[in-house]
Enquirer: 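To start, I am sharing the structure in question, which I have written as structure tokens.
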Amino acid sequence: MQKPSIPKGTRDFSPEEMANRNYIFNTIKSVFQLYGFRQIETPAQENLSTLMGKYGEEGDKLLFKILNSGDFAGGVADEEWAAKNSVKLTSKISEKGLRYDLTVPFARYVVQHRDQITFPFKRYQIQPVWRADRPQKGRYREFYQCDADVVGSNSLVNEAELLQMIDEVFHRLGINVTIKLNNRKILAGIAEYIGEPDRLIDITTAIDKLDKIGEEKVLQELRDKGFQEDALTELKSILFIIPPPSIKKDDSSFDTTWKNNDIILRQLKAILMDSEIANKGLSEIEEILEIVKLTGIQTNIELDLTLARGLNYYTGAIIEVKANDVQIGSISGGGRYDNLTGVFGMDGVSGVGISFGADRIYDVLNQLNGFPAMSEENTRLLFINFGDKEQRFCLPLLKAVRAAGINAEIFPEAAKIKKQMSYADSKKIPFVAIVGENEINANAVMLKNMTSGEQQLVPVDELVDKMNAL
RNA sequence: GUGGCUGUAGCUCAGUGGUAGAGUAGUGGAUUGUGGUUCCAUUGGUCGUGGGUUCGAAACCCAUCUGCCACCCCA
């Protein structure tokens with residue numbers, strides 16, 4: 001007999017886990033709907049031509065490819081097998097892949113269905129994505145993303161709404177978070193300012209490490225990559241603005257964060273005043289913060305110049321959410337991408353979106369013991385089964401209780417009472433109806449509260465009201 | 001893709017070359033209408049998989065897979 005197992009980086013979910021996961025999904029979903037987003041789904045498989053080249057070279061490696069059906073080997077020449085060039089061979093034997101995120105399939109969807117879409121189009125999508133990454137803490141090969149995106153609107157109101165949605169979702173879930181905000185245009189301005197406008201990626205990935213390895217090592221890394229000393233000196237004057245982590249930690253109160261943001265913005269404006277693109281980015285951030293302030297928000301929004309995620313397609317705002325009380329990677333992220341549909345032949349459609357990482361949010365809630373004790377999915381009432389006669393008496397009652405919207409079940413066989421009670425225990429069923437000969441004669445059920453142990457005789461026609469009152 | 005740690009009963013783990021163990025869960029009973037506490041009994045393992053060293057391997061060596069951790073990257 002072989003030991004059953006599942007592929008690396010995938011997971012089974014138990015009923016308890018699913019109840020908790022659905023709590024997360026439902027919370028996110030209702031917030032999405034509250035803000036006017038409508039749900040779509042796209043296939044797990046996409047054509048590789050849709051996926052390849054959208055996530056950079058690294059991303060292509062992390063794509064799961066699906067072997068062609070049928071005689072996939074037949075059309076490949078012997079020399080090509082012999083060459084053992086995996087990349088070239090892949091294109092011959094695989095034309096489909098599993099989706100890597102929800103944004104690119106969405107872009108494809110928008111272009112493909114543009115005749116049916118009225119802009120601005122606000123859609124949400126909650127589906128699994130797959131990455132052939134090496135699994136570790138908070139990182140899986142199959143995981144869910146919960147995306148909300150707006151396409152066809154350049155207004156910064158959208159960015160502000162997304163920030164409020166983040167605020168609302170994590171407030172409802174009871175997770176303390178910090179929203180980090182940056183803008184690709186400011187980063188471009190910085191690159192321009194130090195005279196290396198074409199090396200944006202090198203610069204951002206280096207300063208991304210600032211709080212990990214420190215200023216000296218960041219500068220050294222750039223020096224190794226061939227940056228000139230005067231460029232580095234100029235960069236230093238900007239790094240100086242980034243508050244060191246110690247200050248961020250000690251005083252992250254709401255007011256202080258907003259004050260810090262103002263200070264950073266003012267200093268950046270002074271330094272980057274000659275850069276047109278930087279000024280654009282700075283005024284975007286100012287406007288977003290202004291709208292958010294106007295509508296009220298409880299979460300700290302922190303300007304963070306080291307935030308450089310997803311540079312492959314973001315063009316404006318960059319958003320990332322960190323849990324304050326749990327050490328884990330970012331639990332949400334998003335941003336503005338001006339021309340994602342361009343690669344599918346539809347120019348000039350701007351989009352902005354966020355993605356909630358449901359699996360990481362699960363891990364965070366799990367560590368915080370933040371899940372509701374009693375799931376709404378759980379059975380509330382179990383009828384104990386004493387035998388044929390009693391079962392016949394209970395079944396219509398069971399039907400009536402269910403008709404009233406109360407999750408209920410009857411133990412399907414007349415097993416030992418101990419067994420049936422243990423069953424209720426292990427399923428955390430809060431109430432048990434004990435119905436034997438005495439109760440039938442009284443036309444009543446013995447209703448037992450499994451937490452307190454108390455029980456009382458309830459006439460059958462009062463059972464539903466009684467259950468609703470409890 | 002690179003480097004490190006790991007794997008023994010459903011679960012958590014002990015076992016340093018000489019007969020495969022505990023706790024817990026499961027099942028039966030003490031208690032034939034009362035669970036979550038207690039007591040007794042009992043099921044359950046090709047010691048991740050494949051090879052090697054040895055008279056003898058769960059243990060030592062090699063390979064491989066899984067899980068975890070760090071890097072890269074990311075939700």
Side-chain angles (χ1 to χ4, degrees), chain A residues 1-12 14 24 28 55-63 86 99-103 126-147 166 201 204-205 208-209 212-213 307-312 318-323 327-335 353-364 382-387 390 411 414-440 445-455 457:
Chain A
M1 261 249 285
Q2 70 162 28
K3 220 175 192 175
S5 65
I6 54 176
K8 189 201 262 268
T10 65
R11 294 150 301 157
D12 288 326
S14 68
I24 295 171
I28 292 170
Y55 310 103
E57 210 176 304
E58 281 295 311
D60 284 354
K61 277 190 214 157
L62 299 179
L63 281 172
S86 300
R99 75 166 98 74
Y100 178 90
D101 70 359
L102 300 178
T103 308
I126 298 176
Q127 288 190 276
V129 302
W130 294 267
R131 294 181 189 178
D133 208 350
R134 184 172 288 210
Q136 49 177 284
K137 191 175 201 66
R139 182 180 298 194
Y140 310 98
R141 286 186 156 183
E142 176 181 86
F143 62 96
Y144 272 74
Q145 287 191 333
C146 312
D147 275 29
I166 292 169
I201 306 276
T204 52
T205 53
D208 183 42
K209 297 175 187 159
K212 267 188 196 164
I213 61 175
L307 180 59
R309 67 183 303 283
L311 276 174
N312 281 320
I318 305 172
I319 302 164
E320 186 168 280
V321 181
K322 290 269 202 182
Q327 191 70 35
I328 196 165
S330 70
I331 53 178
S332 287
I354 42 162
S355 177
F356 290 84
D359 299 86
R360 284 188 179 175
I361 293 172
Y362 181 96
D363 291 343
V364 169
L382 172 77
F383 284 86
I384 300 291
N385 191 333
F386 278 94
E390 291 85 352
F411 201 85
K416 294 226 168 65
I417 310 305
K418 182 188 165 96
K419 164 81 182 160
Q420 301 193 39
M421 296 296 277
S422 305
Y423 175 82
D425 257 339
S426 70
K427 270 185 93 169
K428 296 197 167 61
I429 299 174
F431 298 98
V432 160
I434 299 161
V435 185
E437 202 166 342
N438 299 340
E439 286 79 12
I440 294 178
V445 307
M446 189 60 81
L447 188 64
K448 177 170 178 129
N449 181 327
M450 292 296 279
T451 332
S452 66
E454 292 164 19
Q455 53 187 48
L457 199 63

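Computation of the quantities below employed the complete heavy-atom set of this structure, encompassing side-chain atoms and omitting hydrogens, waters and symmetry-equivalent molecules.
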Enquirer: Does a side-chain heavy-atom distance below 4.5 Å link A:L62 with A:W130?
Expert: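 Answer no - side chains too far apart.
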Enquirer: How many whole angstroms separate atom NZ of A:K419 from atom P of B:rG29?
Expert: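 For the pair A:K419 NZ and B:rG29 P, the rounded distance is 12 Å.
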Enquirer: Check whether any side-chain heavy atom of A:I440 lies under 4.5 Å from a side-chain heavy atom of A:V435, and answer yes or no.
Expert: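 In short, these two side chains touch, coming nearer than 4.5 Å.
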Enquirer: Roughly how many Å is it from CG in A:L62 to P in B:rU2, rounded to a whole number?
Expert: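 For the pair A:L62 CG and B:rU2 P, the rounded distance is 14 Å.
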Enquirer: Counting any heavy atom closer than 4.0 Å, what does A:E439 reach on the DNA or RNA strands: base, sugar-phosphate only, or nothing?
Expert: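 Counting heavy atoms under 4.0 Å across all strands, the contact made by A:E439 includes a base.
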Enquirer: Closest to the A:N438 side chain: B:rU34, B:rC74, B:rG33?
Expert: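 Output: B:rG33.
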Enquirer: Quick check on B:rC68: is either OP1 or OP2 less than 4.0 Å from any side-chain nitrogen or oxygen of A:K137?
Expert: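 No, because none of the side-chain N or O atoms of A:K137 sits under 4.0 Å from OP1 or OP2 of B:rC68.
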Enquirer: Assign each of A:F143 and A:I6 to its nearest nucleotide of RNA chain B by heavy atoms, then name whichever residue's nucleotide is nearer the 5' end.
Expert: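 Of the two residues, A:I6 wins.
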Enquirer: Looking across every strand, which nucleic acid part, if any, lies under 4.0 Å from A:S426 by heavy atom: base, sugar-phosphate, or nothing?
Expert: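 If one applies the 4.0 Å heavy-atom cut-off, A:S426 turns out to touch nothing in the nucleic acid.
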Enquirer: Can you say whether the rings of A:Y55 and A:Y100 are parallel (under 30°), tilted (30 to 60°) or perpendicular (over 60°)?
Expert: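 Taking A:Y100 first and then A:Y55, their aromatic rings sit tilted (interplane angle of 30° to 60°).
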Enquirer: Tell me which nucleotide among B:rA30, B:rU27, B:rG33 gets nearest to the side chain of A:K418.
Expert: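 For A:K418, the side-chain atoms sit closest to B:rA30.
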Enquirer: Could you tell me how far B:rU46 sits from B:rU31 if I compare only their C1' atoms? Round to whole Å.
Expert: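 That atom pair is separated by 41 Å.
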Enquirer: Looking at every strand, decide which applies to A:K416 at a 4.0 Å heavy-atom threshold: base, sugar-phosphate, or nothing.
Expert: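 The answer is sugar-phosphate, as A:K416 gets under 4.0 Å only of primed atoms, P, OP1 or OP2.
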Enquirer: For a quick check of understanding: with a heavy-atom distance under 4.0 Å over all strands, which category does A:Y140 fall into, base, sugar-phosphate or nothing?
Expert: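 Base contact - A:Y140 has a heavy atom under 4.0 Å of at least one base atom.
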Enquirer: Could you tell me whether the side chain of A:R134 has a donor or acceptor atom within less than 3.5 Å of a complementary atom in the base of B:rG3?
Expert: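 Per atom types, the contact qualifies.
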Enquirer: Mind calculating the distance between CD1 (A:I384) and P (B:rG33) to the nearest angstrom?
Expert: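 Between P of B:rG33 and CD1 of A:I384: 11 Å.
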Enquirer: Mind running side chain to side chain contact (heavy atoms under 4.5 Å, CB included) on A:F356 and A:I126 for me, showing each step along the way?
Expert: CA-CA 9 Å; A:F356 290 84; A:I126 298 176; over 6 Å; no
Enquirer: With heavy atoms under 4.0 Å as the rule, sort A:S355 into base, sugar-phosphate or nothing.
Expert: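 The answer is nothing, as A:S355 stays clear of every strand by at least 4.0 Å.
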Enquirer: Between A:P135 and A:K61, which has a closest nucleotide on RNA chain B that is more 5'?
Expert: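 Nearest-nucleotide comparison on RNA chain B picks A:K61.
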Enquirer: Report the base-pairing partner of B:rU64 (Watson-Crick or G-U wobble, both distances below 3.5 angstrom), or none.
Expert: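 Paired with B:rG48.
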Enquirer: Any base atoms under 4.0 Å from A:Q420, or only sugar-phosphate, or nothing? Heavy atoms, all strands.
Expert: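 Nothing, no nucleic acid heavy atom in range.
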Enquirer: Examine B:rU66: is either OP1 or OP2 under 4.0 Å from a nitrogen or oxygen in the side chain of A:K8? Give yes or no.
Expert: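 Indeed, a polar side-chain atom of A:K8 lies that close.
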Enquirer: Report the base-pairing partner of B:rU24 (Watson-Crick or G-U wobble, both distances below 3.5 angstrom), or none.
Expert: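 Pair assignment: B:rU24 / B:rG10.
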Enquirer: Scan A:Q136 against the nucleic acid and name what it touches under 4.0 Å (heavy atoms): base, sugar-phosphate only, or nothing.
Expert: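 Since a base atom lies under 4.0 Å of A:Q136, the category is base.
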Enquirer: What is the separation between atom OH on A:Y100 and atom C1' on B:rA75, rounded to the nearest whole Å?
Expert: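 Whole-Å distance recorded here is 10 Å.
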Enquirer: Kindly determine whether A:Y140 and A:T10 satisfy side chain to side chain contact (heavy atoms under 4.5 Å, CB included), including the steps that lead there.
Expert: CA-CA 6 Å; A:Y140 310 98; A:T10 65; over 6 Å; no
Enquirer: If we only count heavy atoms from C-beta on, is the A:M421 to A:L382 side-chain gap below 4.5 Å?
Expert: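 No, every pair of side-chain atoms sits at 4.5 Å or beyond.
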Enquirer: Does B:rU38 have a Watson-Crick or wobble mate here (both distances under 3.5 Å), and if so which one?
Expert: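 Partner of B:rU38: B:rA30.
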Enquirer: For A:I417, report the nucleic acid contact type (base, sugar-phosphate, nothing); a contact means any heavy atom under 4.0 Å.
Expert: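 Sugar-phosphate: the residue A:I417, judged by heavy atoms under 4.0 Å, touches backbone atoms but no base.
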Enquirer: Look at the side chain of A:Q145 and decide which nucleotide, out of B:rA75, B:rU34, B:rG67, has an atom nearest to it.
Expert: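 For A:Q145, the side-chain atoms sit closest to B:rA75.
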Enquirer: Give A:D101 one of three labels, base, sugar-phosphate or nothing, depending on what nucleic acid heavy atoms sit under 4.0 Å from its own.
Expert: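 Nothing, no heavy atom under 4.0 Å.
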Enquirer: From the options B:rC73, B:rU34, B:rG35, select the nucleotide whose nearest atom is closest to the side chain of A:D133.
Expert: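 Of B:rC73, B:rU34, B:rG35, B:rC73 is nearest to the side chain of A:D133.
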Enquirer: From C-beta outward on A:R139, which listed nucleotide comes closest to its side chain: B:rA75, B:rG35, B:rG33?
Expert: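 Closest nucleotide among those given: B:rA75.
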Enquirer: If you compare all heavy atoms of A:D363 against all heavy atoms of A:G138, which two are closest, and at what distance to 0.1 Å?
Expert: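 The answer is OD2-CA, 3.9 Å.
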Enquirer: Over all strands shown, is A:G138 touching base, sugar-phosphate only, or nothing at heavy-atom distances under 4.0 angstrom?
Expert: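 Base: the residue A:G138, judged by heavy atoms under 4.0 Å, touches a nucleobase.
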Enquirer: Across the strands shown, which category fits A:D359 at heavy-atom distances under 4.0 angstrom: base, sugar-phosphate, nothing?
Expert: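 No contact.
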Enquirer: Provide, to the nearest angstrom, the distance between the CD atom belonging to A:E142 and the P atom belonging to B:rG67.
Expert: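 Nearest whole value for this atom pair: 13 Å.
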Enquirer: Rounded to whole Å, please give me the gap between CE in A:M421 and P in B:rU34.
Expert: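 Taking CE of A:M421 and P of B:rU34, I get 9 Å after rounding.
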Enquirer: In whole angstrom, give the distance that lies between atom CH2 of A:W130 and atom P of B:rA75.
Expert: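 For the pair A:W130 CH2 and B:rA75 P, the rounded distance is 16 Å.
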Enquirer: Which part of the nucleic acid, if any, lies within contact of A:G387, taking any heavy atom under 4.0 Å across all strands shown: a base, the sugar-phosphate backbone alone, or nothing?
Expert: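 Since no nucleic acid heavy atom lies under 4.0 Å of A:G387, the category is nothing.
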